[in-house]
Amino acid sequence: MDSALIPKGVKRCPMWQFLLGLGIVGAVLAWGVYAMLLCWFKGLNQTNMNDYYGFALWIWADLAVIALGGGAFFSGLLKYIIGKDELKNIINYAVLIGFICYSSALLILAIDIGQPLRGWFIFWHANVHSMLTEVAFCLSAYFAVLTIEYIPLILENRQLDKVPFFHNLSHNMHETMAVFAATGAFLSFFHQGSLGGVAGVLFGRPFAFREGLLIWPWTFFLFTWSAAAYGPSFTLLITWITEKVARKKLVKDNVVELLAKISGWMIFTYTIAKICDTTRWANITAPGLGQNLADFYTGNAFYGYWILFAEIILGGVVPAIILISAPLRKNPTWRVTAFFLGVMGVSLNRWVMVLQVMAVPIMPFDTWALYYPSWQEVATTILPVAYGIILIMISYRYLPIFPQEAELNPIEEETAMAVEAHTESTPDLKPANA
Amino acid sequence: MFPFSFEWIWDAGHIVFHGGLWYALNIIGIGMTYCVIKAVIDSAKGKGGHGHH
Amino acid sequence: MKQAQTHGTPMKYGMAIDLDKCTGCGACMVACMAENNIPFKEDESDKRVSITWMRIFKLTNGKSFPDSDICYLPRPCQHCEGHEGHSPCVSVCPATATDYSRETGIVSQIVTRCFGCRYCMGACPYHARYFNWWDPVWPDGMEKYLSPDVSPRMRGVVEKCSFCFHRYQLAKNKAYLDGERRVPEAAYQTACTQACPAGAIVFGDLNNPEHQVHQIVKPDSNNGNRSRNPKAFRLLERTGTNTKVYYLSSREWVRRAGDNYLAHEKTGQLAKLHH
Amino acid sequence: MKVDRRSFLSFVIGGAAGTALSPLPWKLMDDSSIWSQMWPWTPVPPDGEVVYEDSTCTLCPGGCGISVRKVDSRAVKIEGQSGHPVNDGSICILGLSGLQMLYGPTRIKSPMKRIGERGEGKWQKISWDEAFAILTEKLTDIRDKGEAHTVAALAGSDSGTVPALIQRFMAAYGSPNFMRSPSYRDVDELTVKALFGADGRTGFDVENADYVLSFGSGFVDGWGSPVRMFKAASLWKEKDIPVVQVEPRLSNSAAKATRWIPINPGTEADLALGIAAVMVANGIADTGDVSGLSGWENDLLANYEPQKVAQTTGIDAAVIVEVAKGFARADRPLALCGRGKAQTAVSLRETAAVYILNALTGNINQEGGMWAIPEADYIQWPDVATDNLASAGLDQPRLDGAGTGKYTDARYLTNRLADSVNGGGPYPLQVLLVAGANPCHYLPDTQHVKAAFARIPFIVSFSSFQDETAAMADLLMPDHVYLERYEDVPVGAGLVQQMIGLSKPVVSPQFNTRHLGEVLIMTAKAMGGSIADAFPWDDYETCLEETLAEKWDTLMETGVWVRADTDPVAGSIQLAGLDAPAVQAEGDVNSFPLLLVPYDSIQLTSGYMGEAPFMIKAVSDTVIQGTDGFIEINPLTASGVGLGEGDRATLTTPRGEALVRVHLFEGIQPGVLAMVRGLGHTAYDGYLAGKGVNVNELIGPVEDPSTGFDAAWGIRAKLDKA
Amino acid sequence: MSTLDEKAKAGMEDHAAHGSDAKESGAGGFIILFFIIGFAASMVLGWVIFPKLLYSQKQQPLNFNHALHVEEVGEGCEGCHYFREDGSFSGIPKLAQCTECHEEPMGDTEDEATFVEQYVAKEREVPWLSYSRQPDCVFFSHSAHVIGAKMDCVVCHGHIGESEVSRPYEYNRITGYSRDIWGKDIAGLKKNSWDRMKMDDCAQCHKEAGMIHTSSVQTDRDACFVCHK
């Protein structure tokens with residue numbers, strides 16, 4: 001019934017299957033929305049946050065999705081600025097994933113603040129000394145860029161494309177995309193960094209505080225670097241998952257391997273930087289403030305040295321090595337393992353930079369503060385995931401996300417004919433809302 | 001955010017920060033306007049549609 | 001640094017709290033609650049969601065019976081000056097809802113500007129900032145005692161000790177009427193200072209040699225405002241928060257509990273301040 | 001068709017453009033944020049003219065001067081009255097919370113009579129006239145039957161005009177059964193009589209002492225006049241005065257002392273006598289003011305030589321000698337008696353021992369020493385002309401047996417009220433009037449007390465609050481709270497001078513309540529005859545003004561009347577009470593290996609007043625969490641029972657059992673458990689009710705055979721993992 | 001599929017496309033028209049109807065003649081609006097103050113009669129509606145402005161002293177503010193210093209007053225804790 005909207009030359013699951021999938025994920029979405037409304041109308045007492053945990057699961061989720069969404073700006077940078085043209089075969093998906101990540105981040109922020117109606121104060125009454133201000137501005141601006149990058153994709157829907165205006169618009173946007181991509185890279189550099197700065201500037205908290213360059217603590221650069229490094233890994237991981245779900249190959253191996261390789265080298269360099277940073281912090285910064293590692297990793301039920309190991313070794317060194325070495329990289333299992341470890345590593349890093357920062361006691365007579373999220377927090381954090389899946393399902397079904405899909409999965413004559421016939425039998429076509 | 005808002009000071013911080021910001025916003029804005037207007041003109045010229053470029 | 005020239009040297013309000021005298025009775029906490037319209041819930045035993053601008057911490061020397069010793073430490077907002085007024089919280093607030101006054105040295109919090117991102121709470125190592133997780137609700141009839149000098153806070157914003165700034169404002173009114181330029185020492189005292197039955201809290205202008213607090217603390221402006229009084233210390237001095245609340249104790253273990261030290265470091269020793 | 005769609009689109013676009021260029025979205029955005037800044041459900045306190053009104057706080061016996069800040073007619077803050085002889089501008093946590101009691105929802109808002117089962121909390125609002133009718137009818141019936149003596153009255157104190165009016169009413173009515181809440185005052189008065197041979201109370205010149213030896217007195221935990229003591233403690237710090245605190249637990253007072261000497265609970269008297277012995281033995285005692293020493297000296301030296309005392313008290317002999325010498329050699333040494341807040345009596349043996357210790361320094365009635373002074377007796381009313389019914393009633397023995405038999409010296413034995421009602425008394429109790437007291441919460445073995453109250457046919461409560469005792473009443477005739485009424489406040493509380501404060505109405509009565517004095521006068525008049533004649537005053541205010549006579553103007557002006565040059569009741573003491581036996585803790589060691597001792601906290605009233613929400617908020621989370629109450633226990637003892645910080649445990653004593661949580665505290669002697677007094681309320685509202693455990697339910701009265709007072713200092717207990 | 005089919009299809013579709021193009025040119029005019037209609041409609045809604053909906057009116061409990069009182073009482077505004085001993089400002093007089101003169105009706109206006117009967121006699125405070133009440137978070141010191149800076153009442157309150165009748169009190173339905181705070185002009189433009197009393201208006205005046213108002217580290221203006229509580 002919606003075959004008219006489905007891109008030419010590709011096959012999609014029957015409508016009922018599609019709707020069923022939507023329904024299931026939609027239910028989860030509804031649950032999240034319910035929790036969100038609770039937080040808005042009853043206030044943040046719905047969460048398990050407290051005065052020691054001003055930042056918790058939500059801020060972690062924000063930092064994490066934005067780091068993972070980094071794939072968009074980085075592959076954009078590679079394709080449009082550096083000129084790695086093969087990436088055109090995956091850039092669409094990178095953009096879509098980025099779009100989902102960033103819209104999710106903004107939504108979570110809107111739930112996280114105590115006075116959503118005053119949220120715009122962060123722009124209007126901006127305090128330029130605050131890392132959060134920089135985050136808010138660059139985040140919103142970059143989201144605009146992502147939207148711009150996503151629009152032509154939508155316009156390429158078979159029916160929309162028939163409208164001359166839309167066709168031309170998307171055409172022109174493609175032409176000027178390099179400019180947008182560049183701006184996006186510029187913005188991303190800053191808001192990814194500022195997110196790192198958020199923790200790094202807390203000079204009252206030896207666990208988070210870092211020295212740095214001018215006004216920017218080292219975490220600023222580490223965050224940007226890690227987003228660029230792990231973002232692509234996440235794009236590729238999602239691509240892999242999508243391929244498994246769609247039960248067909250969507251992107252050619254050479255493209256995947258290229259991006260994987262780049263990601264690998266980025267992770268490698270980042271991990272080295274991270275190790276230097278940690279070493280300096282552990283031996284100079286923290287001791288200078290009268291604290292040593294043991295103060296941060298012992299004396300509580302959860303945070304131990306394991307977290308350092310898991311983040312830096314498992315989530316840094318290991319995936320780096322796998323992705324750098326050609327034989328391992330070319331082996332799908334190893335590759336995906338690397339992606340997975342990488343995603344785990346960067347998420348763990350963000351967790352540490354938010355939640356462990358809050359947990360560590362600072363005044364000698366203060367105590368460790370451990371926290372677990374309330375179901376409302378969990379639900380509102382899963383909400384964007386559900387929303388993302390839905391957006392991917394729709395986009396994948398109706399938009400030519402994967403340029404190589406048709407070529408990689410040629411469909412037999414009769415089905416193709418059937419589709420054709422069907423199309424022609426409906427002369428007056430409604431847009432995508434059909 | 002704007003020079004006329006209460007918090008604004010004409011100091012390096014504000015000029016650099018908001019300078020960069022407005023620079024980016026302008027590129028985005030002008031870029032989009034260009035695309036839209038050009039699209040309108042092209043459409044008027046009867047260009048486009050059905051994939052013949 | 002620019003400042004209120006026509007007013008002469010700026011003021012720098014601060015406190016000296018004598019922990020030898022403090023008995024941990026809690027009068028300062030309640031005086032603060034009563035003065036500042038601080039809300040309360042049926043269960044306030046979870047101190048991590050309990051708004052107490054002034055909070056008393058109980059310190060122990062870690063020794064076992066009968067050598068054990070305890071000391072109480074009242075903790076208002078420390079009104080950090082940081083570096084030229086960039087205290088941990090002021091510099092991070094994205095909406096300029098919290099500010100540092102060069103004229104009084106007081107860190108302000110404007111709840112109607114705050115939109116509840118809670119970054120400042122993360123930045124404050126003293127946990128002196130509190131979030132209104134709930135709407136404030138007073139049991140039937142009790143709203144009658146609310147003071148008009150302090151605006152009750154709404155749900156979803158951060159609040160903290162203001163050094164009873166409204167009392168300064170009121171004293172200033174009087175000063176104008178009396179044609180005085182400055183507020184006299186006695187005319188502006190915080191509620192906790194006034195209430196403390198042990199007289200452990202001394203409040204005043206750290207810049208004014210005539211004020212008692214200055215005479216007790218003897219701040220050394222060439223040395224990051226550290227006190228010249230050997231009994232005095234500040235909380236987490238090494239982090240460079242540069243607070244304006246000084247504590248006095250004759251007990252070494254108490255002074256050491258005021259900051260983090262590596263095993264070999266002497267109490268009161270400062271490594272170089274970072275940033 | 002296509003046209004329509006596109007036109008509509010352009011219409012929408014045009015609309016969007018127009019809207020964006022109109023104030024609508026922007027003003028809405030601004031206004032919605034302003035709305036969030038002044039949500040209608042967030043109160044906005046009305047502004048107005050600010051005035052301060054001085055009065056006297058009666059929430060505890062301390063007698064502090066308060067200065068209440070008012071905005072127009074609302075009281076918004078209570079502060080200390082600067083220049084006041086007791087507290088000079090300072091104030092305690094309880095005084096600060098006064099307004100939460102004045103405006104609190106637990107006030108009894110009008111007279112009420114019980115309609116449900118007792119304690120069920122079903123009440124019916126009634127008019128004052130009806131309330132008076134019920135009361136007078138009841139009292140008249142009983143009296144006419146010649147059973148006037150079966151009516152009893154229990155008041156918080158017996159000094160001041162209001163308690164005097166109650167006593168007078170009882171006298172005129174014909175009942176000997178006036179009682180006051182038990183406190184250290186009981187044993188103090190009795191001991192003063194025994195040692196000095198005259199009526200009076202002790203005073204302690206803490207400001208001028210230069211060596212303080214405190215036998216468990218919580219000088220910063222609410223002992224004496226709390227704010228005065230806080231100030232004194234700071235003064236001691238400033239003057240570097242040695243302060244020795246003898247106590248099994250590192251209380252806040254112990255922490256403020258220059259030296260804390262842990263002692264086996266209940267052996268304070270032995271230490272005092274031990275110190276006395278050392279002083280006598282070393283000839284550093286000043287026996288000038290002490291007569292009768294010679295006859296007793298040998299026993300003293302024999303029974304209380306350091307080694308023996310060290311045995312009983314668990315304090316090193318050397319330490320005992322050291323303290324004794326330090327104490328004796330000081331110029332103005334002072335020994336304090338009365339545990340914690342001194343809300344309960346201690347044994348005569350202990351009191352006498354400590355007072356004698358003071359005497360042996362030759363510092364009696366001297367600067368910095370212990371004084372024995374008479375109460376200010378300004379209430380000079382003509383004696384009550386009793387009619388026959390009254391005289392007959394007054395000839396009856398008291399229900400609690402005070403003043404007769406073994407206990408001739410005791411004036412009140414309120415601790416025995418429950419027993420006598422439960423069958424131990426000479427005759428049944430028919431009516432109990434309760435004013436300014438909450439026996440159903442703070443009398444020991446509270447369950448037993450409640451059972452007794454359940455047996456009393458008719459209970460009238462004059463309480464201003466819905467407390468545990470009011471809950472047991474049949475008739476509620478609520479009194480004003482102190483901020484709404486006039487009242488004279490004679491201050492004892494260890495002051496060395498006679499002092500009277502005056503409470504003035506700071507705000508007009510908030511509810512339909514009546515001044516207790518007023519109620520008594522009107523009831524008396526309603527009952528007519530000799531009772532009415534005993535109350536010649538038109539109203540309470542007249543009564544008060546006449547009674548205070550020349551003091552009235554001073555009081556109206558300064559709010560306080562002080563007589564500095566009070567003559568002591570006597571200059572020297574006659575040794576007595578030392579043969580009195582020690583009071584042991586109830587329960588046997590085998591089944592109850594541990595000792596439970598209650599401790600006092602300044603953050604809890606543990607008296608007639610219930611704690612205000614502010615006070616509960618200030619209480620540490622190692623004392624209450626949610627509704628769980630904590631006991632303090634030494635980590636060693638805890639690990640013995642297999643308990644860790646915060647674990648739940650069952651605490652059992654011979655009197656009862658409670659579920660508690662443990663707080664590990666290095667400041668408490670192994671084998672001893674400490675629980676705070678004042679929690680475990682069953683009445684009041686959710687801000688107080690149900691929080692923690694009422695320690696009085698776990699501890700029973702232990703009678704001091706030489707006085708009859710309850711002198712329990714603890715009870716044997718056992719703790720099991722729950 | 002075969003190239004032949006391709007061509008055929010393309011041809012057909014081209015045809016269709018041109019057809020639609022033809023229609024388009026005709027529709028162009030309409031499209032512009034509809035755009036204008038939408039634009040105009042929303043402008044009217046935003047500029048004319050919206051303010052009417054946003055603000056509501058209340059009448060003062062009774063008419064007050066400022067001009068007359070200034071004349072009768074003398075001492076200008078201070079005659080009734082004075083400073084208390086603690087330096088606070090009395091604001092709108094309490095009943096007691098009015099009663100000093102109005103024990104008995106003065107003059108025979110209707111309002112006078114109602115005032116004496118309804119309020120003086122019954123000792124009820126008059127529930128005046130304050131045109132210039134700032135929100136609760138604002139601390140405004142009259143003594144700082146009137147005594148300290150010697151400012152004239154008119155600067156903020158306009159010529160209310162010359163009014164002979166009480167104008168209706170307008171307030172914002174959403175915020176509850178008096179309309180005087182934002183000003184009559186929905187665009188928020190002001191001609192006179194008293195047309196608006198938002199934070200920016202205070203700030204503007206403070207800025208003009210120069211160097212002494214630079215105590216804020218964040219803004220180099222007055223610190224928040226000058227006008228806020």
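When reading the values below, keep in mind they use all heavy atoms of this one structure, side chains included, and skip hydrogens, waters and symmetry mates. Letters A, B, ... are given to chains in the order of the sequence lines, protein chains preceding strands, and every chain is numbered from 1.
Ring orientation note: the planes of H681(D) and Y684(D) are nearly perpendicular, at an angle over 60° on the 30°/60° scale.
Using a 4.5 Å cut-off between heavy atoms, A233(D) does not touch chain C at all. The part of D149(C) that comes within reach of chain D is its side chain, from C-beta onward, which places non-hydrogen atoms under 4.5 angstrom from that chain. For M29(C), the part sitting under 4.5 Å from any heavy atom of chain D is the side chain, from C-beta outward, and nothing else. Of the two parts of L170(C), neither the backbone nor the side chain holds a non-hydrogen atom closer than 4.5 Å to a non-hydrogen atom of chain D. Only the backbone of C22(C) comes within contact range of chain D, with at least one heavy atom under 4.5 Å from a heavy atom of that chain. Interface remark: K70(D) contributes no atoms to any contact with chain C (heavy atom separation under 4.5 Å). Within the 4.5 angstrom heavy-atom criterion, only backbone atoms of P46(D) (N, CA, C, O) approach chain C. In this structure, no portion of I56(C) lies under 4.5 Å from any heavy atom of chain D.
For D46(C), the CG atom is densely surrounded, since the number of other residues' heavy atoms within 6.0 Å is greater than 12.
Residues K63(C) and E666(D) are not paired through a salt bridge, judged by the lack of any N-O separation under 4.0 Å between the basic side chain and the carboxylate.
Looking at N87(D), its side chain does come within 3.5 Å of a backbone N or O of G65(D) through a donor-acceptor pair. Looking at R129(C), its side chain never comes within 3.5 Å of a backbone N or O of K160(C) through a donor-acceptor pair.
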